[in-house]
Amino acid sequence: RTLENCSLENLQRYIEEYETSPYLRSLDFEGNASLKRLFAMLMHVRVDDRLAFWFCFWHDFWKCNGEMKAVAKYKKLFDPASPDFIGFAFLPPAKLNEVLMRCHLRRRGKLFSDRIFMVLYTEVARYSGEEQFSAVGARGKSSRFNFKSSRFNFSESALATV
């Protein structure tokens, strides 16, 4: 069996009926917040490939850069364990640019260069079936790409404290 489309309830039923490992059989499905959070994240990234890529990008960003002072300062926004994790809410290029500028991460010579920004949205566009995008560079200049960001929804909750 695969966990690809498995719900938490189905996993619990499977373990109760078929699993022989005492460790797995001892899992507390009702009171296990970590397990519920894991399945909530899985449900989120299963929505579409664009969201899966977005989530993985920001998860990796935190894993690779979370110990840097400039990033750790915004743990609530970048840590996947936070309910306000940026990986849960897709941001159109202009909005992400604004957020990263407020975090002092999107300036020339900083962590989010124009090149990284462009690569991020090029991949998002690829996973979205889009071919191009438009973005605002770190100095406020628009790039030459064409991206239909109006197709995406965005939640303000992840940015409340930035």
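Note that the structure is a prediction, hence the values are computed from the model and not measured. When reading the values below, keep in mind they use all heavy atoms of this one structure, side chains included, and skip hydrogens, waters and symmetry mates.
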Identify the heavy atoms of [X] and [Y] that sit nearest to each other, and give their distance.
{"X": "R25", "Y": "I15", "answer": "NH1-O, 2.9 Å"}
{"X": "F85", "Y": "H59", "answer": "CZ-N, 3.6 Å"}
{"X": "I86", "Y": "W54", "answer": "O-NE1, 3.1 Å"}
{"X": "I116", "Y": "L111", "answer": "CD1-O, 3.3 Å"}
{"X": "A72", "Y": "G66", "answer": "CB-O, 3.3 Å"}

Would you mind reporting whether [Y] and [X] have side-chain heavy atoms less than 4.5 Å apart?
{"X": "C103", "Y": "L77", "value": "yes"}
{"X": "V124", "Y": "F53", "value": "yes"}
{"X": "Y74", "Y": "H104", "value": "yes"}
{"X": "L96", "Y": "L120", "value": "yes"}
{"X": "R106", "Y": "D114", "value": "yes"}

Practice task
For E19, enumerate each residue passing the side chain to side chain donor-acceptor pair (under 3.5 Å) test, keeping only those at least two apart in sequence or located in another chain.
Solution key: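 With sequence neighbours excluded, E19 shows a side chain to side chain donor-acceptor pair (under 3.5 Å) to no residue whatsoever.
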Exercise for the section: On the 0 to 90° scale, with breaks at 30° and 60°, tag the F55-F88 ring pair as parallel, tilted or perpendicular. Expected result: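 F55 and F88: tilted rings.
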Check [Y] with [X], please: is the shortest side-chain N to carboxylate O separation under 4.0 Å?
{"X": "E123", "Y": "R126", "answer": "yes"}
{"X": "E98", "Y": "R102", "answer": "yes"}
{"X": "K63", "Y": "D79", "answer": "no"}

Handout entry: W62 side chain vs K75 backbone, donor-acceptor pair below 3.5 Å
Key =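 No, the answer is negative, given that no donor and acceptor are paired below the 3.5 Å cut-off.
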Handout entry: Test item: N65 side-chain N/O and M68 main-chain N/O as donor-acceptor pair under 3.5 Å
Key =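 Answer holds: no.
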Handout entry: CD/E67: more than 12 non-hydrogen atoms of other groups inside 6.0 Å
Key = no
Handout entry: From OH (Y121) to CG (N97), nearest 0.5 Å
Key =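 Rounded to the nearest 0.5 Å, the OH-CG separation comes out at 8.5 Å.
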Handout entry: Which residues share a ring-ring contact (aromatic ring centres under 6.0 Å, His included) with F61, sequence neighbours left out
Key = W58, F78, F112
